[in-house]
Amino acid sequence: MLTVGIAMLQGARHQHMQSILRAAENIDTEIEIRELRKASDVEGVDAFILPGGESTAMKIASRYENLYSKIWKEIRDNDTPVLGTCAGAILLSQNGLIETSIERNAFGRQKESFQAEIQISLEGADRFPGVFIRAPRFMQGSRHPIAWLEEEVVGVLEGNKMALTFHPELTEDYRFHVWLLDRAKRQK
Ligand code: GLN
């Protein structure tokens, strides 16, 4: 049984919940979802999901209960696998959990939100439906790219930390969620 912790302070939490349940079904894995709201919820989590939303709102909401500082500590101490999407990727970068730096709201107004086919390199190269919502952009030069929108890197994998500027939880393609469960299994 794997315990998957989803940061519940703000953002697209319920879509991630659905996706991780589908992913678990697809690979016949039993999971328990833990809704993370305060630091004491974090103990014993095997994999983290940091949803998209508004990273500033998340930081403000977290101050009170210190949820994120506990999550960062857990990831640092135990190398717990984590999937951060959009605002979740911003938090991973801003807190130094991934080395790739990121710029918020970096697509111009016209292109604030859009869908486009992207390329991924997860288990072999393939296409993936990219959903971008007021997306951030990785700065140049990531050494660990895993997803591309044309020439631009839109996903990085650094060790057990996956940071994506798009939203796999808004699609019916569960490969990134399956990846998280596979990593967590290996780690356990
Ligand atoms: N624009 C948001 C931020 O800066 C991220 C958008 C998203 O998560 N969809 O936090």
Side-chain angles (χ1 to χ4, degrees), residues 4-23 33 35-37 47-72 75 81-120 122 128-142 144-150 152-158 161-177 179-180:
V4 180
I6 305 185
M8 294 302 284
L9 295 184
Q10 199 267 338
R13 302 147 278 184
H14 300 281
Q15 293 86 341
H16 269 296
M17 235 179 240
Q18 289 310 316
S19 296
I20 200 76
L21 288 171
R22 291 289 98 75
I33 292 178
E35 300 188 7
L36 307 176
R37 294 197 171 79
F48 289 104
I49 295 179
L50 307 175
E54 222 21 82
S55 53
T56 314
M58 292 172 187
K59 281 185 260 183
I60 293 168
S62 169
R63 260 181 227 153
Y64 178 58
E65 292 285 1
N66 288 320
L67 173 65
Y68 285 108
S69 47
K70 177 70 178 160
I71 295 177
W72 310 145
I75 293 174
V82 54
L83 172 62
T85 57
C86 211
I90 295 173
L91 294 180
L92 285 175
S93 174
Q94 288 181 341
N95 289 280
L97 285 123
I98 55 169
E99 65 182 37
T100 312
S101 47
I102 204 164
E103 187 190 345
R104 293 182 58 202
N105 304 326
F107 288 89
R109 262 178 177 253
Q110 300 272 359
K111 270 198 120 190
E112 258 195 356
S113 301
F114 59 97
Q115 300 195 19
E117 189 175 272
I118 60 174
Q119 301 295 319
I120 62 170
L122 207 47
F128 194 90
V131 178
F132 295 84
I133 303 171
R134 299 188 61 222
R137 258 176 155 153
F138 292 115
M139 318 288 236
Q140 307 256 304
S142 167
H144 315 274
I146 193 156
W148 298 261
L149 170 67
E150 291 166 10
E152 180 171 339
V153 173
V154 291
V156 300
L157 175 59
E158 299 189 15
K161 291 166 286 237
M162 179 81 82
L164 310 175
T165 62
F166 52 97
H167 289 269
E169 78 284 8
L170 300 180
T171 74
E172 284 172 11
D173 191 319
Y174 306 118
R175 278 178 284 169
F176 285 98
H177 294 82
W179 168 85
L180 183 68

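Each ligand, and each atom within it, is numbered from 1 in the order the structure gives. Nothing here was measured: the structure is a model prediction, and the numbers come from that model. In what follows, residues are counted from 1 in the order of the sequence shown.
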Proximity flag His167 to ligand 1, non-hydrogen atoms under 4.0 Å: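 The answer is yes, since His167 has a heavy atom less than 4.0 Å from ligand 1.
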
Counting each atom of ligand 1 from 1 as listed, which ones have a heavy atom of [X] under 4.0 Å away?
X	value
Gly52	8 (O)
Gly53	2 (C), 5 (C), 6 (C), 7 (C), 8 (O), 10 (O)
Cys86	5 (C), 6 (C), 7 (C), 8 (O), 9 (N)
Ile90	3 (C), 4 (O), 10 (O)
Ser55	3 (C), 4 (O), 10 (O)
Arg104	3 (C), 4 (O), 10 (O)

task: Give the residue, atom name and distance (to 0.1 Å) of the protein heavy atom nearest atom 3 (C) of ligand 1.
output: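 Of every protein heavy atom, Glu54 OE2, 3.3 Å lies nearest to atom 3 (C) of ligand 1.
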
field: Basic-acidic side-chain contact under 4.0 Å: Arg104, Glu54
entry: yes

Pair Glu35 + Arg13: basic N to acidic O under 4.0 Å: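 No, this pair does not count.
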
message: Would you say the ring centers of Phe48 and Tyr68 fall short of 6.0 Å from each other?
response: no

message: Looking only at distances, can you tell me whether any N or O atom of Asn105, backbone or side chain, sits closer than 3.5 Å to an N or O atom of ligand 1?
response: yes

Nitrogen or oxygen atoms of Ile133 and ligand 1 under 3.5 Å apart: yes

query: Is the Phe176 ring parallel, tilted or perpendicular to the Phe128 ring (thresholds 30°, 60°)?
result: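 Phe176 and Phe128: perpendicular rings.
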
field: Within-4.5 Å side-chain heavy-atom neighbours: Arg137 and Phe107
entry: yes

- prompt: Around Glu117, counting heavy atoms of other residues, nucleotides and ligands shown, do more than 12 lie under 6.0 Å from its CD?
  reply: yes

message: Tell me the closest heavy-atom pair linking Val154 and Ile118, and the distance in Å.
response: CG2-CD1, 4.3 Å

